[in-house]
Novice: 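Take a look at the following structure, please.
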Amino acid sequence: MKGHQSKVLDCGLVSRAVEYGQCAEVTKPLVDAVKCSAGTVPEQRLPAMGNLIKVLGKDLENCPHFFLDFEKLYPSSLLLFQGVTMGNVLKVLACAELEHGPIVFLDFEHAQPTEAETAVWNQVSAVLEEAHGILAELQSYNGAGQEIREAIQNPGDLALQEKAWNAVCPLVAKLKRFYEFSLRLENALRSLLEALTSPPYAPMQHLEREQALAKQFAEILHFTLSFDELKMTNPAIQNDFSYYRRTISRNRLNNQQLEAENEVNNEMANRMSLFYAEATPMLKTLSNATTKFVSENKTLPIEDTTDCLSTMACVCRVMLETPEYRCRFTNTDTMLFCMRVMVGVIILYDHVHPVGAFAKTSKIDMKGCIKVLKEQPSNSVEGLLNALRYTTRHLNDDSTSKQIRALLQ
């Protein structure tokens, strides 16, 4: 494959895509096979797909890197690119011999649910509708630092104590909403994992068949890393909650119960305290949820889940580093979205897989992923690099190469 550029092969206009070059002996039968499968030679359609599989499956090192444009398939060929046949094509395209990884473009901007995806999509969509509002609230969270300082400096001034308390209570109610949203997000993630890892399809097939669900999975990861970046840079969150808990404890000792306790009781406060004590609370929630999903589904091989994550990381990396894929992005924010998703699935993979994402046996090209991040402006990716440095589980293992550690220093 070295020395050849990727070529787009439109199955409806295949006759215009024939380029022989150094691989004419492989390209010609490939084109003939696709012509047949697209309806050009009706009497040979079924055997032709078998020939296509056979051609794609051999001499990959000596032929161009093809992209099959499934978006523009003619109706006659759409019937053939379904079911088992589509699975075979994807299986071949995703094989390890392809130097640059799987050739799948995840449409993070325009993917719409198919009928089979609708039930799960609706369930997850109801949760994601709140995500933008949660981020907006967190971004505008200023805290009650001034009021708390005045109350602490003047413990005998009841007016200042009341002022601080009245400032903190609505903020704690906000923090409670954030925490409760994390629980709904956890359930949404579980539904998506069930849909994207269920037999009989392989991860690559799921991503190709269920792009709307893959997009929602990506949106959850995008929200998660965005939330945690904002939380890490806002110390007021923990300061406010600590003051709230101290005040509740002090009043309890004095046999006083404040009205706010009815909304955030002691049990809820304990759970919220554990949540906000994490540097990246949303990511920790998703990591725990993914680990729990694997442990509870004992009939589902762990590889089904980790392969789903590693495949998504690989697809994001290829989309980011390949100009012909990047040019499909119509929104300038999609690049950052794609990077956040890539980092998110890497971290989940590292928490779930027994040896993690950094080992030589990992199915994620960590060097390539880090390189893609480092090619971007540092102010847009430093938070993502820090997430890899400080929220992964296996980076400091002996199995992690010195080169990867050096890249993240």
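Quantities reported herein were computed from a predicted structural model and do not represent experimental measurements.
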Novice: Can you tell me how far the NE2 atom of His351 sits from the OG1 atom of Thr306, to the nearest 0.5 Å?
Specialist: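 So the NE2 of His351 and the OG1 of Thr306 are separated by 14.5 Å.
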Novice: Indicate the atoms forming the closest heavy-atom contact of Leu384 with Glu229, along with that distance.
Specialist: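 Shortest heavy-atom contact: CD2-OE2, 3.7 Å.
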Novice: For Leu395 and Arg389, work out which heavy atoms get closest and say how close.
Specialist: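 Nearest heavy atoms, Leu395 then Arg389: CD2-O, 3.7 Å.
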Novice: Any side-chain heavy-atom pair from Phe223 and Phe181 closer than 4.5 angstrom?
Specialist: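 Yes. Closest side-chain heavy atoms under 4.5 Å.
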Novice: Between Asn187 and Arg184, is any side-chain donor less than 3.5 angstrom from a side-chain acceptor?
Specialist: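 Per modelled atom types, Asn187 and Arg184 side chains form no pair under 3.5 Å.
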Novice: Between Asp228 (side chain only) and Leu283 (backbone N and O only), is there a donor and an acceptor less than 3.5 Å apart?
Specialist: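 Yes: the side chain of Asp228 pairs with the backbone of Leu283.
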Novice: Start with the C-alpha distance between Lys360 and Ser399, add both sets of side-chain angles, then the distance that settles side chain to side chain contact (heavy atoms under 4.5 Å, CB included), and finish with yes or no.
Specialist: CA-CA 7 Å; Lys360 289 182 180 180; Ser399 57; over 6 Å; no
Novice: Which pair of non-hydrogen atoms, one from Gln238 and one from Ala277, has the smallest distance, and what is that distance?
Specialist: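 For Gln238 versus Ala277, the nearest heavy atoms are NE2-CA, 3.7 Å.
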Novice: State plainly whether the residues Glu296 and Arg190 are in salt-bridge range, i.e. N to O under 4.0 Å.
Specialist: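 Salt bridge: yes.
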Novice: Not counting sequence neighbours, which residues clear ring-ring contact (aromatic ring centres under 6.0 Å, His included) with Tyr276? List them please.
Specialist: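 Here no residue qualifies.
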Novice: Below 4.5 Å, heavy atoms only, C-beta onward: do Phe275 and Met282 meet side chain to side chain?
Specialist: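 Yes, their side chains come closer than 4.5 Å.
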Novice: Decide, yes or no, whether a salt bridge links Glu382 with Lys374 under the criterion of side-chain N to carboxylate O below 4.0 Å.
Specialist: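 So Glu382 does not pair with Lys374 through a salt bridge.
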Novice: Could you tell me if Ser191 and Gln123 have a donor-acceptor pair between their side chains, going purely by distance under 3.5 Å?
Specialist: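 Gln123 vs Ser191: donor-acceptor pair found between side chains.
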Novice: Heavy-atom count check: over 12 atoms from other residues, nucleotides or ligands less than 6.0 Å from Glu180 CD?
Specialist: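 Atom CD in Glu180 is crowded, with more than 12 foreign heavy atoms closer than 6.0 Å.
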Novice: How long is the straight-line distance from CZ of Arg209 back to CG of Leu196, given to the nearest 0.5 Å?
Specialist: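 CZ of Arg209 is found 12.0 Å from CG of Leu196.
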Novice: Give me the atom names and distance for the closest heavy-atom approach of Ser125 to Gln216.
Specialist: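 Reported closest heavy-atom pair: N-NE2, 3.4 Å.
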Novice: Between Phe337 and Phe329, is the ring centroid distance below 6.0 Å?
Specialist: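 For Phe337 and Phe329, the ring centres are not under 6.0 Å apart.
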Novice: Would Ser287 and Leu348 count as a side chain to side chain contact (heavy atoms under 4.5 Å, CB included) if you check the C-alpha gap in whole Å, the side-chain angles of each, and the deciding distance to 0.1 Å?
Specialist: CA-CA 5 Å; Ser287 296; Leu348 291 185; 3.7 Å; yes
Novice: Tell me, which pairs form a salt bridge (charged side-chain N to carboxylate O under 4.0 Å, His left out) where one or both residues lie in residues 239-249, sequence neighbours left out?
Specialist: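 Residue pairs passing salt bridge (charged side-chain N to carboxylate O under 4.0 Å, His left out), neighbours aside: none found.
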Novice: Return yes if a side-chain donor-acceptor contact under 3.5 Å exists between Thr114 and Glu117, otherwise no.
Specialist: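 Yes - a donor-acceptor pair under 3.5 Å links their side chains.
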Novice: Would Trp165 and Tyr243 count as a ring pair (Phe, Tyr, Trp, His ring centres under 6.0 Å) if you check the C-alpha gap in whole Å, the side-chain angles of each, and the deciding distance to 0.1 Å?
Specialist: CA-CA 9 Å; Trp165 180 252; Tyr243 177 81; 7.3 Å; no
Novice: NE2 of His353 to CG of Asp350: how many Å apart, nearest 0.5 Å?
Specialist: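 So the gap between those two atoms works out to 10.0 Å.
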Novice: Heavy-atom distance under 4.5 Å between the side chains of Asn297 and Asp304, does that happen here?
Specialist: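 They are not in side-chain contact.
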Novice: Using 0.5 Å steps for rounding, measure from the OG atom of Ser249 to the OH atom of Tyr244.
Specialist: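 Spacing of OG (Ser249) from OH (Tyr244) equals 10.0 Å.
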Novice: Within the 4.5 Å heavy-atom criterion, are Val168 and Glu147 side-chain neighbours or not?
Specialist: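 No, too far: nothing below the 4.5 Å cut-off.
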Novice: Please tell me if the side chains of Phe217 and Leu309 come closer than 4.5 Å, counting only heavy atoms from C-beta onward.
Specialist: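 Side-chain contact under 4.5 Å: yes.
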Novice: At what distance, to the nearest 0.5 angstrom, does OG of Ser380 lie from CE of Met339?
Specialist: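 Output value for this atom pair is 5.0 Å.
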Novice: Within the structure provided, determine whether Phe178 and Met272 are in side-chain contact (heavy-atom separation under 4.5 Å).
Specialist: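 The answer is no; the side chains never approach within 4.5 Å.
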Novice: I'd like to know if Arg177 and Glu137 make a salt bridge, using a cut-off of under 4.0 Å between side-chain N and carboxylate O.
Specialist: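 Salt bridge: yes.
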Novice: Check the angle between the aromatic planes of Tyr201 and His206 and answer parallel, tilted or perpendicular using the 30° and 60° thresholds.
Specialist: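 The rings of Tyr201 and His206 stand perpendicular, inter-plane angle above 60°.
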Novice: More than 12 heavy atoms of other residues, nucleotides or ligands under 6.0 Å from CD of Glu375: is that the case?
Specialist: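 Enclosed: over 12 neighbouring heavy atoms sit under 6.0 Å from CD of Glu375.
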Novice: Are Cys369 and Ile346 close enough, and set up right, to give a side chain to side chain contact (heavy atoms under 4.5 Å, CB included), and what steps lead you there?
Specialist: CA-CA 9 Å; Cys369 291; Ile346 287 171; 3.9 Å; yes
Novice: Nearest 0.5 Å, what's the CZ-CD distance between Arg405 and Gln403?
Specialist: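 Arg405 CZ to Gln403 CD: 10.5 Å, rounded to 0.5 Å.
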Novice: Determine the minimum heavy-atom distance between Ser401 and Lys367, stating which atoms define it.
Specialist: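 Closest pair (atom of Ser401, atom of Lys367, distance): OG-CE, 4.4 Å.
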Novice: Return yes when atom CD of Glu194 has more than 12 non-hydrogen atoms of other residues, nucleotides or ligands closer than 6.0 Å, and no otherwise.
Specialist: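 Above 12, so yes.
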Novice: Under 6.0 Å between the ring centres of His394 and Phe358?
Specialist: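 Aromatic pair excluded; centres sit 6.0 Å or further apart.
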Novice: Determine, for Tyr179 and Arg271, whether the Lys NZ or Arg CZ falls below 6.0 Å from the six-membered ring centre while staying within 45 degrees of the axis.
Specialist: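 No - Arg271 does not lie over the ring of Tyr179 by the 6.0 Å and 45° rule.
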Novice: Take Leu185 and Thr285 through the side chain to side chain contact (heavy atoms under 4.5 Å, CB included) test and state the conclusion after the steps.
Specialist: CA-CA 9 Å; Leu185 202 68; Thr285 298; over 6 Å; no
Novice: Can you see which heavy atom on Pro170 is nearest to which on Asn166, and at what distance?
Specialist: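 Closest heavy-atom pair between Pro170 and Asn166: CD-O, 3.0 Å.
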